[in-house]
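Sequence positions, counted from 1, serve as the residue numbers for this chain. Model, not experiment: these values are computed from the prediction.
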Amino acid sequence: MIPEGPAQKALLSGLPSVDEVLKSPDGRQWISQFQRKIVLLAVRDVIAERRAALLSGKTAELSLESLTGDIRQRISKLSSFSLQPLINATGIVIHTNLGRAVLSDKVLKNVVEASGSYSNLEYDVASGKRGQRHTHTKRLLREITGAEDALIVNNNAAAVFLSLNTVAMGGEVIVSRGELVEIGGSFRVPDVMAASGAVLREVGTTNKTHLRDYEDSINENTALILKVHQSNYRITGFTESVEIEDLVSLGRKHEIPVMFDLGSGCLIDLRPYGIHDEPSVSQIVETGADIISFSGDKLLGGPQGGIILGKKRYIEKIQKNPLARAVRIDKLAIAAFEATLMEYMDTENAKREIPVLAMLLQAPGEMETRAKKIASALRRKVGEKDIRVIRDSSKAGGGSLPEVEFPTYAVAIKPSGISVNELESRLRNSSPPVIARIREDSLLLDVRTVREREIDGIVRAVVASLSAG
Ligand SMILES: *Cc1c(COP(=O)(O)O)cnc(C)c1O
C-alpha cells in the first residue's frame, strides 16, 4: 500500500463517508427495504474499492450519485440467495449437478403444509403415544413394490452403507469385479464397503462373472452377497454376469442374505416404452432379494432419499442400527415422498404427474411444438439469425438408463456476431441462468427439460445474449 501523502489525502477527501451515504435519501431507502447489515456491507465494499482505485493511481468517479448505482447492484447481489432456480435446456432429466428430480407443485404444497406447522412426524395421534417417522411412507412403499417392509434414509449411499454395516460388519461381502463401480461424487463400492466395516470379497473378472465364482468364495465368514447396478457404465462384448434370481437361489441354499443396490430404481414398467434393460423395482422384489436399495431423486422422481426395501427381519434390524439416526430422513423429505408415492397408486397418473416421468415419456410431437414456439419467438425478435428446430437425442442422466437414447427436439442457434462459446456463457450468466448444450458451432436448447412456463425466460435470455455488444 502506498502511504497517503497530502496529494492522496486531497483526492480521498472527495469520497463520501459511509455515514454520508447511509444518510442520503438512497441510503435511507435501502435501509428500509433491505437488511441493514447487507446495506452496510455493500456501502463499505464500494467505497473501499473506490479508495483502492484512487490509491493505486487510477481515476475514479467520487460523487454520491456515481456510487449509488454500484451500491444498489452490490446490495442486490448480497441479498440474493446462492441456491437459485435455473432453466435446464440440456435435455438431461436427472441432472445431478442441476438438482436431479424436479418436484411437482402438488408435492411441494404438501411439503409446505407439513413443515409450516407442527405435525404427527413421530406421534401416533390415535393413541397419544410416540410414533415412528417411517410409518408415513412404509405402507405406500409396500403397496407399490410388493415388498414386506420398507425404510427411507438420507440417500442411497447411506442406504447401502447402513445395510452393509447392519448385516455384514466384520464379515465378507461377495461382489462381482464387474460391479465395483464408482458413481459421480465419489461413491465407490469398495470405499463404502470399507467404511461400513465389511470386508470386500471380489469374485470373477471385469467382463465375466459366473455363478460358480460366487459359490466357490462362500465360506463361514460370508455375511452377504451384493449385486450392484452398473449405473452409468456398461461392459459390452464378451461378457457375463449373474442374474439376481440365481444369486437369490444361491443365497437360500447357503442361508446367506442377498442385497441388490439398484441405483436408480424405477417404480414403473418401462417395457411398453421399448426400454428392456431396467426392470421395475417390483420385478426385483418378486425375485425374493432380501434387501433392495435405490435413490429417491433419480427415476422415482421424488426428493433426495435412499429407499431400502426387503424382508422384515432385515429392515427391522437396519432400522434399529444406532447409525440409522445419523442418516435419517428429514420431515420435508418425508412430506415430499408421501405425496410423490401417492401418485404411484395409479401408474398412468404417475406418468402424468411426476415431472421426471412426464419429461422422459413425453410425446415427441409435444416437444416439437414447444421447440417451434421458442424458435419462432426468437426469429421474430432477432430477425434473420440462423435459428432452426432439429431432431436430436438426449439421455436420462443420473446414472439411469445409460444406453437409452430418448428422441428429442432442440432449438439450434448458430450465432453470427459472437462465438457459440460466448453465447453459451452469456446464457449461463443470465437471470435466471439458462444451461444449454453446444454441438459444433451451434448452441442447442433441448426442450425435453424446458417447461411451458420457462419459455418466456429462455426467449428473453437468448434475445438479450444475441443483441448485447
Ligand atoms: C446413484 C447411485 C448411488 C448413490 O445414490 P445417492 O442417492 O446419490 O446417494 C449408489 N449406487 C448406485 C448403483 C447408484 O446408481
Side-chain angles (χ1 to χ4, degrees), residues 79-123 133-141 143-144 150 152-156 158 264-268 294-307 328-362 366 370 396-398 400 431-435 447-458:
S79 54
S80 64
F81 291 120
S82 164
L83 180 62
Q84 53 172 316
L86 55 73
I87 297 175
N88 175 6
T90 67
I92 299 168
V93 176
I94 310 167
H95 198 306
T96 298
N97 298 150
L98 305 186
R100 288 197 186 159
V102 169
L103 302 178
S104 70
D105 292 344
K106 202 163 143 199
V107 167
L108 290 174
K109 186 164 167 277
N110 196 43
V111 175
V112 170
E113 280 172 8
S115 56
S117 76
Y118 292 104
S119 64
N120 62 339
L121 180 64
E122 292 186 350
Y123 183 71
R133 68 176 58 212
H134 299 297
T135 52
H136 306 292
T137 47
K138 230 180 242 284
R139 185 184 56 84
L140 282 166
L141 280 170
E143 203 69 55
I144 295 161
I152 310 184
V153 294
N154 188 43
N155 56 18
N156 188 33
S264 205
C266 187
L267 294 182
I268 64 166
F294 53 98
S295 294
D297 52 356
K298 291 184 181 170
L299 283 173
L300 189 151
Q304 180 185 304
I307 291 136
R328 78 174 181 188
I329 183 177
D330 84 307
K331 63 180 179 185
L332 276 70
I334 290 175
F337 266 117
E338 196 177 2
T340 304
L341 292 170
M342 197 69 91
E343 305 285 18
Y344 278 100
M345 295 305 279
D346 173 350
T347 311
E348 289 311 310
N349 172 70
K351 291 175 193 169
R352 268 194 318 271
E353 299 295 331
I354 296 180
V356 163
L357 296 181
M359 285 182 199
L360 281 175
L361 305 176
Q362 66 196 300
E366 274 173 50
R370 208 150 63 241
S400 316
S431 178
V434 175
I435 313 300
V447 300
R448 174 180 297 283
T449 43
V450 175
R451 272 98 51 85
E452 201 67 32
R453 60 183 177 212
E454 293 170 330
I455 290 181
D456 286 349
I458 287 207

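Side-chain atoms of Tyr344 and Ile354, non-hydrogen and from C-beta on, do get closer than 4.5 Å to each other. Side-chain contact between Pro432 and Pro85 is absent, with no heavy-atom pair separated by less than 4.5 Å. Taking 4.5 Å as the limit, every side-chain heavy atom of Thr449 sits out of range of all side-chain heavy atoms of Ile92. Taking the side chain as every heavy atom from C-beta outward, Val356 and Val102 never approach each other to under 4.5 Å. When side chains are defined from C-beta on, Gln84 counts as touching Pro433, because their heavy atoms get closer than 4.5 Å. At least one side-chain heavy atom of Leu98 sits less than 4.5 Å from a side-chain heavy atom of Leu86.
Of all heavy-atom pairs between Gly398 and Thr96, the closest is CA-OG1, 4.0 Å. Nearest heavy-atom pair across Ala101 and Gly302 is CB-O, 3.4 Å. Taking all atoms of both residues into account, the shortest heavy-atom contact from His134 to Ile152 is CE1-O, 3.4 Å. Minimum heavy-atom separation, Ala333 to Gln304: CB-O, 4.1 Å. Taking both residues in full, the closest heavy atoms of Leu300 and Ser295 are given as CB-O, 4.1 Å, listed atom of the first, atom of the second, then distance.
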Stepwise side chain to side chain contact (heavy atoms under 4.5 Å, CB included) check, Val434 with Val450: CA-CA 10 Å; Val434 175; Val450 175; over 6 Å; no

Chi angles and distances behind the side chain to side chain contact (heavy atoms under 4.5 Å, CB included) call for Asn154, Ile329: CA-CA 5 Å; Asn154 188 43; Ile329 183 177; 6.0 Å; no

From CA spacing to verdict: side chain to side chain contact (heavy atoms under 4.5 Å, CB included), Ser104, Glu353: CA-CA 7 Å; Ser104 70; Glu353 299 295 331; 5.7 Å; no

Verdict with supporting geometry, Ile435 and Ile87, side chain to side chain contact (heavy atoms under 4.5 Å, CB included): CA-CA 6 Å; Ile435 313 300; Ile87 297 175; over 6 Å; no

Full working for salt bridge (charged side-chain N to carboxylate O under 4.0 Å, His left out) between Arg352 and Glu343: CA-CA 9 Å; Arg352 268 194 318 271; Glu343 305 285 18; over 6 Å; no

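Taking Lys331 as the reference, nothing meets the salt bridge (Lys or Arg N to Asp or Glu O under 4.0 Å) condition, with sequence neighbours excluded. Ala339 meets the side-chain contact (heavy atoms from CB on, under 4.5 Å) test with Val107, Asn110; sequence neighbours excluded. Glu454 pairs by the salt bridge (Lys or Arg N to Asp or Glu O under 4.0 Å) definition with Arg451, not counting sequence neighbours. Under the rule for a side-chain contact (heavy atoms from CB on, under 4.5 Å), the partners of Glu452 that lie at least two apart in sequence or sit in another chain are Arg370, Lys373, Ile455.
A distance of 13.5 Å separates NE2 in His136 from CG in Leu341, rounded to the nearest 0.5 Å. Taking OG1 of Thr340 as the reference point, atom CG of Leu103 lies at 6.0 Å (rounded to 0.5 Å). Taking CG from Asn156 and OG from Ser264, the interatomic distance works out to 9.5 Å, rounded to the nearest 0.5 Å. Separation of atoms CZ (Arg448) and CD (Glu366) is listed at 10.5 Å; rounding is to 0.5 Å. Taking CG of Leu360 as the start and CD1 of Ile94 as the end, the distance is 6.0 Å to the nearest 0.5 Å. We find the CZ-CG distance between Arg133 and Asn120 to be 11.5 Å, quoted to the nearest 0.5 Å.
Note on residues 82-92: no pairs pass salt bridge (charged side-chain N to carboxylate O under 4.0 Å, His left out), not counting sequence neighbours. The list of salt bridge (charged side-chain N to carboxylate O under 4.0 Å, His left out) pairs with a residue in residues 82-101, not counting sequence neighbours, reads Arg100-Asp297.
Classification of Glu338 and Lys106 as a salt-bridged pair fails, no side-chain N sitting under 4.0 Å from a carboxylate O. Of the charged side-chain nitrogens involved, at least one lies within less than 4.0 Å of a carboxylate oxygen, so that Glu113 and Lys109 count as a salt-bridged pair.
Side chain of Lys351 to backbone of Leu357: no donor-acceptor contact under 3.5 angstrom is found. Between the side chain of His95 and the main chain of Asn88, no donor-acceptor pair closer than 3.5 Å is present. Although no hydrogens or angles enter the test, the distance criterion places no donor-acceptor pair under 3.5 Å between the side chain of Ser400 and the main chain of Ala396.
In summary, of the residues considered (Val111, Thr137, Leu332), a side-chain contact (heavy atoms from CB on, under 4.5 Å) with Phe337 occurs for Thr137 alone.
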